[in-house]
Engineer: 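Shown below is the structure under consideration.
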Amino acid sequence: MSNRFIDPSNDARIDSLLGGIKWGADPVGNGTTITYSFPSTGADWAYSNLTEQNAGWWGLNATLQADFRAALASWSNVADIHFVEVSDSTTYGDIRVAYSNAVSGSTAAYAYTPGNGSYSGNLLTPNAEAGDVWINPSQTDLSVGTQGFATLIHELGHALGLKHTFESDGQFPAIDPSMDSSKYSVMSYTDYDGAGYRYTDIGGNRYSIETVEPTTPMLYDILAIQHLYGANMSYATGNDTYTFGVDAELKTIWDAGGTDTFDLSNQQAGVVVNLNDGEFSSIGQRQMSYNGPKSLADENIAIAFGAQIENATGSAFADQITGNALNNQLRGGAGNDILNGEGGTDTAIFSGTRSGYQFSEQNGVVTSSGVDGSDQLISIEQLQFDDGLFAINDLLSGTTPAVIPTQASEVDFTPAEDSTAYFLLELSGALAGIASVNYTTRDGSAIAGQDYVAVTGTAALQPGETHIAIAVELLDDNVAESDETFSLVVTDPVGGSFPGGPLELIAHRTIIDNDSIV
């Protein structure tokens, strides 16, 4: 295999992690296949300097090999890297891993980068050392969640072409010091205590202390490795539900598709959730002192740039949940919650029927009081109860709210002129990608501006969704007149097609006059 020297990306977050070279001759952003193997007694070594071998070395047992494969997967889950295990004898993998007495003292492990070898122009032929990982014999536990596993992720970062965050190397600068911690990168030497510490009683009134370490590449690591090799768009493409331990973890979520949910219903304290990509949530409880009280973790769960998480379910305590530009479904649950939908058409989900709640509004914040506590709702368009889906503006208007249809049988084809007309766009089944159509109202005997408010736009169904309702406000004119009709015209399907192949679909509504004719 030939490896490639690379140029800076001009994104400081990425460049602060790049070591200047990647596996494979293709430009950045292209996937690659890398082999790996586990050397054992009698293995062939073509190193120019046999420092690790002469100091005494040995291979990993079956359990430790499984741990190493899990560390490899933490990188291939997020990037378009295909790791292939091969036998280790006279031929062997691009990456090899073993213990050596040459790794000692405070050095937990080290790795050779893909840049070890001879080069011509912007390509390099790696030597035998390139990519190999050597582990300190004191690191006997490499399982997920341990310091040893975090060490494997870190060293594999080097083996794949990443450098330390705090080092500058030619055109590749050090990271902004305010971001130089394991909160942003496993390639940092600075531990982040957002998930707290683990205290272990070792007897004699003594205990050991370890910072809770990352179990995945972190926010900027994923950004940098995807720059080098592209994103893994085949990972987590279904409708995934993410849960987290009640004891705080430190990790970053990469999700390539589907309609996904953060489910925090198991948590034993309120959470702070932000569904925007590139942002952090505070989930789980952290231990900050030996036998001291636990407290809410601090920004310990990140969502990778480009990942889309649509929905969130909170705990039984006071939560703060912030949505994103998608059509979010947010369930606060018990406790006095703050739900902020941000962009999109967002739905807050409540327990029980609508009659069990009261609503008020002040300065754009709606307060809902009922079975689930007293919640503050910001940028929320719809409320879901056991007895239906309701537009929040209808609930605040003091009039009988219209139920937003969720299936064809619920559509009112003859709405009264003091209500809202709904048109239901419905798929026969959920799609893997986004589907959209353009729509516009069309006058009949009912005239836009006199009898209804004209609407024009694009309706999009996210992956996994099967329906969406388009609302048209009807105008109460206080004039006795005959019933009138208008239409919604739907065109330009993307991600699907109309049954039978017409250029447009038309749905009609009859507005029932509510004024007496004398």
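Just the heavy atoms: all of them, side chains too, but no hydrogens, waters or symmetry mates, feed the values below.
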Engineer: Donor-acceptor pair, distance only, cut-off 3.5 Å: does the side chain of Tyr229 make one with the backbone of Leu160?
Structural biologist: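 Indeed, once roles are kept as given, a pair shorter than 3.5 Å links the two residues.
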Engineer: On the 0 to 90° scale, with breaks at 30° and 60°, tag the Tyr184-Tyr220 ring pair as parallel, tilted or perpendicular.
Structural biologist: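 Rings of Tyr184 and Tyr220: tilted, as their planes differ by 30° to 60°.
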Engineer: When you check the side-chain N and O atoms of Thr190 and Ser181, is any donor under 3.5 Å from an acceptor?
Structural biologist: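 No pair is found: no donor N or O on one side chain lies under 3.5 Å from an acceptor on the other.
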Engineer: Is atom OH of Tyr119 surrounded by more than 12 heavy atoms (other residues, nucleotides or ligands) closer than 6.0 Å?
Structural biologist: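 For Tyr119, atom OH is not crowded (no more than 12 foreign heavy atoms under 6.0 Å).
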Engineer: Centroid separation under 6.0 Å, is that true for the rings of Trp45 and Trp134?
Structural biologist: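 So the answer is yes for these two rings.
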Engineer: Scan side-chain atoms only and decide if Asn438 and Asp492 contain a donor-acceptor pair under the 3.5 Å cut-off.
Structural biologist: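 Short answer, yes.
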Engineer: If you measure from the Lys or Arg side-chain nitrogens to the Asp or Glu carboxylate oxygens, is any gap between Asp26 and Arg4 under 4.0 Å?
Structural biologist: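 No, Asp26 and Arg4 are not salt-bridged.
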Engineer: Counting only heavy atoms not in Tyr47 (residues, nucleotides, ligands), do more than 12 fall under 6.0 Å from its OH?
Structural biologist: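 Atom OH in Tyr47 is packed in, count exceeds 12.
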Engineer: Using the six-membered ring wherever Trp is involved, compare the ring planes of Tyr290 and Tyr207 and label them parallel, tilted or perpendicular (cut-offs 30° and 60°).
Structural biologist: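 Tyr290 vs Tyr207 ring planes: parallel.
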Engineer: Do Ser281 side-chain atoms and Asn274 backbone N/O form a donor-acceptor pair below 3.5 Å?
Structural biologist: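 Pair found, side chain donor or acceptor close to backbone of Asn274.
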Engineer: Indicate whether the side chain of Thr165 and that of Asp180 have a donor and an acceptor atom separated by less than 3.5 Å.
Structural biologist: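 On atom types as modelled, these side chains qualify, holding a pair under 3.5 Å.
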Engineer: Quick one: does Ser16's side chain have a donor or acceptor within less than 3.5 Å of a partner on Ala12's backbone?
Structural biologist: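 Side chain of Ser16 to backbone of Ala12, a donor-acceptor pair under 3.5 Å: yes, one is there.
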Engineer: Do Thr322 and Asn340 have side-chain atoms, one donor and one acceptor, less than 3.5 Å apart?
Structural biologist: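 Their side chains do not contain a donor-acceptor pair, so the 3.5 Å distance test is not met.
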Engineer: Validate the cation-pi geometry between Arg69 and Tyr36: distance from NZ or CZ to the six-membered ring centre under 6.0 Å, angle to the ring axis within 45°.
Structural biologist: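 No; the conditions do not both hold, so Arg69 does not lie above the ring face of Tyr36.
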Engineer: May I ask you to decide if Glu299's main-chain N or O and Ser282's side chain share a donor-acceptor pair within less than 3.5 Å?
Structural biologist: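 Yes; at least one donor-acceptor contact below 3.5 Å.
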Engineer: Would you call the rings of Tyr242 and Phe262 parallel, tilted or perpendicular, taking 30° and 60° as the class edges?
Structural biologist: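 Perpendicular.
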Engineer: Does atom CG of Leu503 have more than 12 heavy-atom neighbours from other groups under 6.0 Å away?
Structural biologist: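 Not buried by this count: 12 neighbours or fewer within 6.0 Å.
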Engineer: Take the angle between the ring planes of Tyr110 and Tyr112 and call it parallel below 30°, perpendicular above 60°, tilted in between.
Structural biologist: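 The rings of Tyr110 and Tyr112 stand perpendicular, inter-plane angle above 60°.
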Engineer: Does Arg286 pair with Asp247 as a salt bridge, N-O distance under 4.0 Å?
Structural biologist: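 Not counted as a salt bridge, because no side-chain N and carboxylate O are separated by less than 4.0 Å.
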